[in-house]
Amino acid sequence: MVEPVQQFDVISMGRIGVDLHPHRPGVPGPRHGSSGRFLGGPAADVAVTAARLGCSTAVITRTGADSFGAYLHQTLTESGVDNRWVTRTAASATPVAGAPDLEIHTDELDYFAIRAARIFWITGTGLSAEPSRSATLAALKCRDRTATTVLELDWRPAPGGDPARTDPAEPRPHYARPPRQAHAEARPHHAEALRHAYAEALRHATVAVGDLDACEIATGVRAPHACAEALLAAGVELAVVKRGPQGVLAVHRDGTTADVPSAPVAAADGAGDGFGGALCHGLLSGWELERTVRHALTAGTPLDGALR
């Protein structure tokens, strides 16, 4: 007898990691010491935020067989996220700010569960290198544009660029992205290869989400409205362009547009981004576009603040 497939509201696939943050006086943080470690990475942020908003969620990723990896497993479970597809790989240590998610293979995926999910959210870093590039595209293709399939244009400057760290006690500041620059000029060959991979992935997605840097890599243009139009032309139904302090532009294929400014937020330790999970919550709730984007921006405050 074939057991029925469990349907999750949201399954995310891609990068998770450990964020280390120095503790600031007056800001809630770790009980002991001057710094703390927190669950991070876009796939984790999406799943944790959506779970806190009442959705059933799961993550597909990889961790090292080390104490950082054990911490990620435990924290996902404590956050209400199903971690059955978060598996350890002995070949890699778990780096700070990134897990060995590039080691996901096509034959390891549960395609029935991926297809059954109400929302499948996948991060673009999986397109950076094999074997995860093939796994990412296979997961997208198996969805066949059913329900809502989100491709997050999550830019990773170079595959494996962040060194692995195996000592959890070793201090390190919060992971900072490279200075904003013309990434396509800085790494032309890598950027061009990634753009081709994005083009194929976008044909199988219904929603694209990304900041201006990632959208520029995917589309070759940087102006927000031009990015949105290019993503729609690539095949998605909804393009969501995150503009940092300027807010978020969302454009649907039916012509509906939401241009929502950012609101100032208070700083907090463990500043995971809740935007994606709250966007999923709004989409699942069937809200109109502007309400969904405003909801996502509000939840885009640090996870250890608004959502805890």
Side-chain angles (χ1 to χ4, degrees), residues 10 12 15 19 21 24 26-28 38-50 52-53 97 119 121 123-124 150-155 173-183 207-219 221-232 236 238-252 255-285 287-308:
V10 180
S12 63
R15 179 161 58 91
D19 290 343
H21 301 269
R24 294 183 296 276
V27 177
F38 302 89
L39 176 67
D45 290 342
V46 167
V48 169
T49 305
R52 290 174 181 172
L53 292 170
I119 291 181
W121 183 295
T123 61
V150 184
L151 174 64
E152 181 176 5
L153 306 172
D154 181 32
W155 166 249
H174 177 53
Y175 177 79
R177 295 180 62 176
R180 189 174 295 275
Q181 57 180 310
H183 293 299
V207 180
V209 179
D211 64 16
L212 288 175
D213 287 339
C215 287
E216 183 180 12
I217 291 296
T219 66
V221 296
R222 188 170 182 86
H225 282 276
C227 286
E229 293 300 326
L231 291 171
L232 293 174
V236 301
L238 174 63
V240 181
V241 182
K242 298 193 288 185
R243 300 175 297 157
Q246 282 70 51
V248 172
L249 171 69
V251 181
H252 195 277
T256 306
T257 299
D259 194 345
V260 182
S262 291
V265 297
D269 287 338
D273 182 4
F275 180 91
L279 182 69
C280 290
H281 179 245
L283 293 172
L284 289 170
S285 299
W287 296 340
E288 54 91 20
L289 186 57
E290 183 167 344
R291 179 183 178 186
T292 296
V293 174
R294 289 189 182 279
H295 174 64
L297 272 173
T298 300
T301 57
L303 291 182
D304 281 333
L307 292 177
R308 284 195 175 180

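Fair warning: this is a prediction, and the values are worked out from it, not measured in the lab. No hydrogens, no waters, no symmetry mates; every other heavy atom, side chains included, goes into these values.
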ask   = Which word best sums up how the rings of Trp287 and His295 line up, parallel for under 30°, tilted for 30 to 60°, or perpendicular for over 60°?
value =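 Because their plane-to-plane angle is over 60°, the rings of Trp287 and His295 count as perpendicular.
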ask   = Checking side chain to side chain contact (heavy atoms under 4.5 Å, CB included) against Val209, which of Val240, Asp154, Leu231, Thr123 comes through?
value =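 Running side chain to side chain contact (heavy atoms under 4.5 Å, CB included) over Val240, Asp154, Leu231, Thr123 with Val209 returns exactly one hit, Val240.
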ask   = Which of these passes side chain to side chain contact (heavy atoms under 4.5 Å, CB included) with Cys280: Ile119, Leu53, Thr49?
value =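 It is Ile119, the one option of Ile119, Leu53, Thr49 that forms the side chain to side chain contact (heavy atoms under 4.5 Å, CB included) with Cys280.
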query = Under the salt bridge (charged side-chain N to carboxylate O under 4.0 Å, His left out) test, which residues partner Glu290, sequence neighbours left out?
reply =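 For Glu290, the residues satisfying salt bridge (charged side-chain N to carboxylate O under 4.0 Å, His left out) (neighbours in sequence not counted) are Arg294.
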query = Would you say Ser262's side chain and Gly244's backbone share a donor-acceptor pair under 3.5 angstrom?
reply =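 Pair found, side chain donor or acceptor close to backbone of Gly244.
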task = For Ala228, enumerate each residue passing the side chain to side chain contact (heavy atoms under 4.5 Å, CB included) test, keeping only those at least two apart in sequence or located in another chain.
result =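 Only Ala239, Val241, Leu249, Val251 meet the side chain to side chain contact (heavy atoms under 4.5 Å, CB included) criterion with Ala228.
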Rounded to the nearest 0.5 Å, what's the gap from [atom1] on [X] to [atom2] on [Y]? Could you check?
{"X": "Leu153", "Y": "Thr219", "atom1": "CG", "atom2": "OG1", "value": "8.5 Å"}
{"X": "Glu152", "Y": "Arg15", "atom1": "CD", "atom2": "CZ", "value": "8.0 Å"}
{"X": "Cys227", "Y": "Arg243", "atom1": "SG", "atom2": "CZ", "value": "11.0 Å"}

Which heavy-atom pair separates [X] from [Y] by the least distance, and what is that distance?
{"X": "Ser12", "Y": "Ala43", "answer": "OG-O, 2.8 Å"}
{"X": "Val221", "Y": "Ala230", "answer": "CG2-CB, 4.4 Å"}
{"X": "Leu238", "Y": "Leu232", "answer": "N-CD2, 4.1 Å"}
{"X": "Val260", "Y": "Leu297", "answer": "CG1-CD1, 3.4 Å"}
{"X": "Ala278", "Y": "Ala296", "answer": "CB-CA, 3.6 Å"}

task = Decide, yes or no, whether a salt bridge links Asp213 with Arg222 under the criterion of side-chain N to carboxylate O below 4.0 Å.
result =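 Result for this pair is yes, salt bridge flagged.
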